[in-house]
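Since the structure comes first, as structure tokens, the remarks are kept for the end.
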Amino acid sequence: MAAPTKKRGLAVPSQRLEAIPPYMFAELERRVEAKRDEGIDVISLGIGDPDTPTFRYIVEAMREAVGDPEAQRYPSNRGRREFREAFADFYLQRFGVEIDPVTEVIPAIGAKECIYNLCFAFLDPGDVALASDPGYPVYTGGPVLAGAEAHLLPLRPELDFAPDLDTIPAEKLDAARLLFINYPNNPTGSIVPEGFSERVIELAERHEILVVHDNAYSEITYDGYVAPSFLAMPGAKEVGVEVFSLSKGYNMTGWRCAAILGNAEAIKTYWRLKTNVDSGLFEAVQLAGAAALRGPRGEVEAMCRIYERRRDLVVEALRDIGVEVDPPKGTIYIWAPVPSGHTSASFAEMVLEEAAVVVSPGSMYGPSGEGFFRISLTTPDELLREAVQRLRVHLTP
Ligand SMILES: Cc1ncc(COP(=O)(O)O)c(C=O)c1O
């Protein structure tokens, strides 16, 4: 048998890397940089990275933890007892979910790492991961990098942005090993529809699919809505895990602090992969994360009020320019239809060129995002007001 031809060129990527599009925000950042280099004062409403600092009590806990020599050594991938117990207590108090701190929770270096590595822990070539479309890009990039297939589940506006589980082809269900879901949802801002989790659990049981609920936004909700944990549903732990990230709820995006909770066997498999890949989450960050979860709720609630105020500001401005949107009950995003005559990309392009404001074209989140754009609420009030004013001036019909 002939030896495979070696690729030429030091920096030529692997085929698996070539198989996925460039990470979308990297491209957006590049465009904004280029505009700024031209001297244009661009306001970005693209990326969802909280603009307010990590709460003081968390920073204080980190200061203390970082000086502890014990916390400076290689962490274990199982995580510190304090971290696992803080999660168990938080899940009980916040969601009414019982978590065994010994077997049902371990740290992750952010939800992104966790979702990516779950793909490598569970997927082989020929396997399928079912992924919401539009959705967080790692639900599709992860499976492809792992040599498997991502089968897209369009989120149907008429089903409150849930996928129609009855229309998944039988052969995809047979091959599916993972199902990614996420509520409150990025990018649509929708909350979990009534009865959806129950239907997911039933499907997962029937087809032996591990459900991965990406819980990145449960703490950011509005109008009195309180988001549940997927694990609170009867039977969820038998078929699923939940990835809880502290990035958005506690303004900790840079800290890379998350956990995976739920099905003990699945967590063990993920842990086994991680012991070969990374050396765990810095223990000082684990201790700060534990302090975050045990801290007063007031800070989180105050942050929700900030986003709620910004949400109302943006929704009103969009209505003024003829874009009708339902105010979301959760997340830090507004998902809005593009005005008629535009594609997602052409609208985002026009907003950038005419108003020097960046919005994300919905198509960046998958083909079913076409026809929408996303605005992130993580811009300081003054700048957000300025952006909204520019939209009014330049885009009023
Ligand atoms: C749905 C969703 N999952 C995961 C993440 C990433 O979270 P982390 O910062 O914990 O990696 C994001 C970030 O935007 C997200 O929107």
Side-chain angles (χ1 to χ4, degrees), residues 23-26 28-29 44-51 54 58 79 83 87 105-119 129-143 150 153 155 161-163 178-192 211-221 227 229-230 241-261 270 274 277-278 280-282 285-286 288-289 292-293 307 328 330-335 360 362 364-366 368-369 372 374-379:
Y23 195 67
M24 58 185 190
F25 280 119
L28 202 60
E29 272 168 21
S44 178
L45 308 181
I47 297 176
D49 192 353
D51 57 302
T54 307
I58 304 173
F83 180 87
F87 257 101
V105 52
I106 65 169
I109 310 173
K112 190 175 190 178
E113 173 269 299
C114 188
I115 293 161
Y116 174 85
N117 276 327
L118 282 170
C119 296
L130 304 169
S132 319
D133 163 33
Y136 183 58
V138 187
Y139 308 153
T140 46
L153 304 181
L155 299 186
F161 290 106
L178 294 177
L179 163 60
F180 292 112
I181 53 171
N182 157 233
Y183 292 100
N185 182 261
N186 174 18
T188 67
S190 57
I191 58 174
V192 65
V211 180
V212 179
H213 180 240
D214 178 5
N215 189 0
Y217 296 100
S218 61
E219 304 317 288
I220 305 176
T221 54
S229 161
F230 173 71
V241 289
E242 179 157 277
V243 185
F244 185 97
S245 169
L246 278 77
S247 283
K248 309 296 166 83
Y250 297 84
N251 291 345
M252 292 176 74
T253 47
W255 299 56
R256 316 311 303 129
C257 188
I260 181 170
L261 306 104
Y270 164 74
K274 268 173 79 74
V277 174
D278 64 56
L281 177 62
F282 182 20
V285 173
Q286 292 187 40
L293 296 175
Y307 289 134
T331 77
I332 48 179
Y333 308 111
I334 308 273
W335 183 246
S360 318
M364 289 197 342
Y365 303 91
S368 298
F372 292 88
R374 194 193 81 170
I375 281 181
S376 164
L377 301 172
T378 52
T379 298

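Read the numbers this way: they start at 1 and go in the same order the structure lists the ligands and their atoms.
The protein heavy atom nearest to atom 7 (O) of ligand 1 is Ala111 CB, 3.6 Å. For atom 2 (C) of ligand 1, the closest non-hydrogen atom of the protein is Asp214 OD2, 3.3 Å. Atom 14 (O) of ligand 1 has its closest protein heavy atom at Lys248 NZ, 2.6 Å. The closest protein non-hydrogen atom to atom 5 (C) of ligand 1 is Tyr136 CZ, 3.4 Å. Protein heavy atom at the shortest distance from atom 9 (O) of ligand 1 is Ser247 OG, 2.6 Å.
Less than 4.0 angstrom separates some heavy atom of Gly110 from each of these atoms of ligand 1: 10 (O), 11 (O). Near Asn186, meaning under 4.0 Å from one of its heavy atoms, ligand 1 places the atoms 1 (C), 15 (C), 16 (O). Every atom of ligand 1 with a heavy atom of Ser245 under 4.0 Å away is listed here by number and element: 7 (O), 8 (P), 10 (O). Of all atoms in ligand 1, listed by their number and element, those nearer than 4.0 Å to a heavy atom of Asn182 are 1 (C). Every atom of ligand 1 is numbered from 1 in the order shown, and the set under 4.0 Å from a heavy atom of Arg256 is 8 (P), 9 (O), 11 (O). Which parts of ligand 1 touch Tyr217 is read off a 4.0 Å heavy-atom cut-off, strictly below it: atoms 1 (C), 13 (C), 14 (O), 15 (C), 16 (O). Close contacts of ligand 1 with Tyr139, meaning ligand atoms under 4.0 Å from a residue heavy atom, involve 1 (C).
A donor-acceptor pair shorter than 3.5 Å can be found between the side chains of Asp49 and Thr253.
Leu118 CG to Leu178 CG: the interatomic distance, rounded to the nearest 0.5 Å, is 6.5 Å. Taking CZ of Arg256 as the reference point, atom SG of Cys114 lies at 11.0 Å (rounded to 0.5 Å). With rounding to the nearest 0.5 angstrom, the NE2 atom of His213 is 13.0 Å from the CD1 atom of Ile260.
If you run ring-ring contact (aromatic ring centres under 6.0 Å, His included) between Phe244 and each of Phe83, Tyr217, Phe87, only Phe87 comes through.
Between Phe180 and Tyr136, the ring centre distance reaches or exceeds 6.0 Å.
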**Item:** Pair Thr379-Asp51, side chain to side chain contact (heavy atoms under 4.5 Å, CB included): steps then yes or no
**Value:** CA-CA 6 Å; Thr379 298; Asp51 57 302; 5.9 Å; no
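A heavy-atom distance below 4.5 Å is not found between the side chains of Asn185 and Tyr333.
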